[in-house]
Amino acid sequence: MAKGKKIKKAEDAYNAESIKVLKGLSAVRKRPAMYVGTTGPRGLHHLVYEVVDNAIDEALAGYCKNIVVIIHKDNSITVKDDGRGIPVEEHPTEKKSALEVAMTMLHAGGKFDGKMYKVSGGLHGVGVSVVNALSEWMVVEVGRRKLLHRQRYSRGKPQGGVKKVGKVNASGTIVTFMPDKEIFDEVKFDRDLLSDRFQELAYLTPEVSITFIDERLKNADKRKQVFHYEGGVDAFVRQLNKNKDPLHPKPITFHTTGEDVHTDVSLQYTTGYSENIYSFANNINTTEGGTHLTGFKTAITKAVIDYALKSKLLKAETNLTGEDVREGLTAVISVRLRNPQFEGQTKTKLGNSELQGLVYSLVYDKLRDFLDETPRVSKKIVTKVVSAARSRAAARKARELTRRKTALESGTLPGKLADCSSQDTEVTELFLVEGNSAGGSAKQGRDRRFQAILPLRGKILNVEKARMDKILHNEEIGTIITALGCGIGDEFDESKLRYGKLIIMTDADIDGAHIRTLLLTFFFRYMKELINAGRVYIANPPLYRISYDKQQRYLFSEEELRTLVATLEEEQKYTLQRYKGLGEMNPEQLWATTMDPERRTIQQISIESAVKADKIFTTLMGDKVEPRRKFIEDHATEVRNLDV
Ligand code: 1YM
């Protein structure tokens, strides 16, 4: 407490003393990437998450029910909540308003004494002052004790003090900011990215309702979205399984609240084959997993095996693996803890060791209870798991067979593959090319030193509807696996990969889009690591060639064509060739437009959101026809650019 002067405590027991490590903001503007990762789109969106996280924390503390996020026409952002309002009282050591301290000093915040589950950490958690430092301007308004307070900032610097500007009935915080164009490459927010994240946050925080308004939209119906899911993780799993066939009608859901850790778990089996487990720690999607996920996996494996043995549904000699137990499983695990340790390449792996045992015993006990109490559902689950084990055994045999077969052949590589001479994955590329004629052009046009060509002619199996053993028997997929050399599923080993880039090159038509989607589905389900490592690309062949005045140009979109034709004079003659397929290009043209690293554009495939990617693949490739029809209708105009 400050000497000689007693700080009047707010009713909510805010203790300004807990604001500790303080530092100015100039460091943030000097090295923005240190604080928000990049000055590209990711870093830009990070600013919004940072502010929203503070409002979510206030909801978790039990004081806030509604959060509103607005993208204004000029791409400035407003985030509002109806919590207690950031404290405006004087800070004991800094001798200015706690609000100003929180907004202008690095690492200022009432939550560093570890008394709360601070949502932030890992990716986020740099504090709102960082957002302020990286904003051209910011305005913060606080409703507290019936008074409205306001302070403005420019590039992190206060423009005057905290002013009382009026009376209000409700308490809360409103932060409005304009990201600084001097810092960020482009200040333009991606509505889908933000709305996906808010939806996810709403599932993970059932106590809050998040309203998202995009004022840039002309269409009033689309402008506003409200996310509120009282069911929490249970509702999340139901949503994830919406286009799938559940094995039992209700997800199995449980929660625990302890002194130190809070957990929410929900799981539901489907008749499908893929495993969809999403784990979160303090609302951060832990895509690299960690201790909570390990605890969860060990628990379900043990619970299902123990139950199956006890109920005599399983013979003791049958070997069940964790992978068998997770076939067709959709699950969400969310934990909140005080001092999350985030590790891994992208800081999305939870490291706190105490979580493993904790999640293990919770999930084991609750799942055993559930299995014992609902034998009809349990039988379905065990039957499914046993059949997964059988298919895995068959797959193992098929794999051994493939291995032996390839070992006996002269080289080990498929005959259709035109390999490159370099073995350095820093430079090597494998083109997966639709059709034999395009494959021929690509083989002649390529730079054989580092470009390999694998023409695909047969039908590629829809892996969404097949099990591993069948997948391994499919000829086209077999050649891809052999050519890549890195194995699939649980045997995947990136160090054995033979090419640094995989480039899918298909025609710019519906069939091409279909083959592309089949290939992406395969990579997503069985070699996700390749996508995560940024190794999978889509080639971008031209749609037209236009010749005029002895000039030739290639055009890659209808838009480009329109623009160019508009610049031609009225009498100017031109001839236009439309490419219906890659096969219509000769080797030189294919090289010049689509393959030459100096001139081509290729689109890197990334998984911004695994939830969304899973949904796209289940919808496009799964069993249900109606959702697919609707998806294609809704996205008809984007077919050429299906990005996951
Ligand atoms: C639109 C963004 O930041 N809301 C918000 C922030 C705080 C509080 C309430 C709050 C926290 C505490 C006590 C506490 C913050 N306060 C601080 C600091 N919405 C938004 N709502 N009273 C109010 O943690 O003890 C940092 S964030 F540091 F000033 F206490």
Side-chain angles (χ1 to χ4, degrees), residues 7-23 46-72 76-121 124-132 135 138-145 147-151 153 158 162 168 170-177 194 198 201 205 207-213 282-283 336 338:
I7 302 285
K8 235 204 235 155
K9 275 196 184 177
E11 297 136 341
D12 46 55
Y14 159 70
N15 178 357
E17 273 188 319
S18 56
I19 300 182
K20 281 182 187 125
V21 203
L22 304 174
K23 237 167 98 181
H46 190 128
L47 302 183
V48 184
Y49 303 149
E50 196 61 51
V51 181
V52 171
D53 276 355
N54 279 335
I56 293 276
D57 279 349
E58 187 66 357
L60 291 174
Y63 299 102
C64 151
K65 290 224 164 331
N66 296 287
I67 300 175
V68 182
V69 184
I70 306 168
I71 313 180
H72 300 290
S76 62
I77 297 272
T78 293
V79 185
K80 293 192 237 202
D81 72 45
D82 56 358
R84 291 167 292 179
I86 301 179
V88 289
E89 296 74 30
E90 185 178 283
H91 185 278
T93 55
E94 294 299 314
K95 298 291 172 215
K96 49 189 166 193
S97 148
L99 172 65
E100 182 171 329
V101 175
M103 303 313 295
T104 58
M105 298 191 123
L106 209 48
H107 282 184
K111 299 160 188 179
F112 295 94
D113 50 6
K115 279 202 201 109
M116 274 223 8
Y117 303 133
K118 173 105 178 86
V119 157
S120 336
H124 309 187
V126 288
V128 68
S129 62
V130 167
V131 182
N132 192 11
S135 293
M138 181 183 263
V139 183
V140 181
E141 292 164 290
V142 170
R144 224 172 135 89
R145 297 179 182 168
L147 284 177
L148 183 64
H149 310 259
R150 181 183 296 144
Q151 188 169 34
Y153 316 84
V162 178
V168 278
S171 66
T173 305
I174 308 176
V175 174
T176 303
F177 64 97
L194 290 175
F198 299 147
L201 278 174
T205 325
E207 41 279 89
V208 84
S209 158
I210 304 180
T211 302
F212 178 42
I213 299 167
N282 291 15
N283 284 354
R336 288 184 218 290
R338 253 185 257 284

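Reckoned from all heavy atoms, side chains included, excluding hydrogens, waters and symmetry mates. Counting starts at 1 for both ligands and their atoms, following the listed order. Since we're looking at a predicted model, the values are computed, not measured.
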**Message:** Using the rule side-chain contact (heavy atoms from CB on, under 4.5 Å), only one of T78, V140, I77 pairs with T176; which is it?
**Reply:**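 Testing each of T78, V140, I77 against T176, the sole residue satisfying side-chain contact (heavy atoms from CB on, under 4.5 Å) is T78.
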
**Item:** V128 vs F177 side-chain heavy atoms within contact, under 4.5 Å
**Value:**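 Not touching, per the 4.5 Å side-chain cut-off.
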
**I67 and F212, any side-chain heavy atoms less than 4.5 Å apart** =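 The answer is no, as the side chains (C-beta and beyond) never meet within the 4.5 Å cut-off.
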
Can you sort out which atoms of ligand 1 are near [X], meaning under 4.0 Å from one of its heavy atoms?
X   : result
N54 : 3 (O), 20 (C)
V79 : 1 (C)
V51 : 1 (C), 2 (C)

**Message:** Would G85 count as a contact residue for ligand 1, given that I'm defining contact as a non-hydrogen atom of the residue lying under 4.0 Å from a ligand atom?
**Reply:**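 True for this residue.
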
**Message:** Under the rule for side-chain contact (heavy atoms from CB on, under 4.5 Å), what residues qualify as partners of I213, not counting sequence neighbours?
**Reply:**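 In terms of side-chain contact (heavy atoms from CB on, under 4.5 Å), with neighbours along the sequence ignored, I213 is linked to V68, I70, T211, E215, K224.
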
**Message:** So, using side-chain contact (heavy atoms from CB on, under 4.5 Å) as the criterion, who are the partners of V168 when residues are at least two apart?
**Reply:**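 Once residues adjacent in sequence are excluded, the partners of V168 under the side-chain contact (heavy atoms from CB on, under 4.5 Å) criterion are L148.
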
**Item:** Options A55, S129, P87, G172, ranked by nearest heavy atom to atom 16 (N) of ligand 1, top entry
**Value:**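 That would be P87.
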
**Message:** Pairs of nitrogen or oxygen atoms closer than 3.5 Å, one from K80 and one from ligand 1: do any exist?
**Reply:**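 In this structure, K80 places no N or O atom under 3.5 Å from an N or O of ligand 1.
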
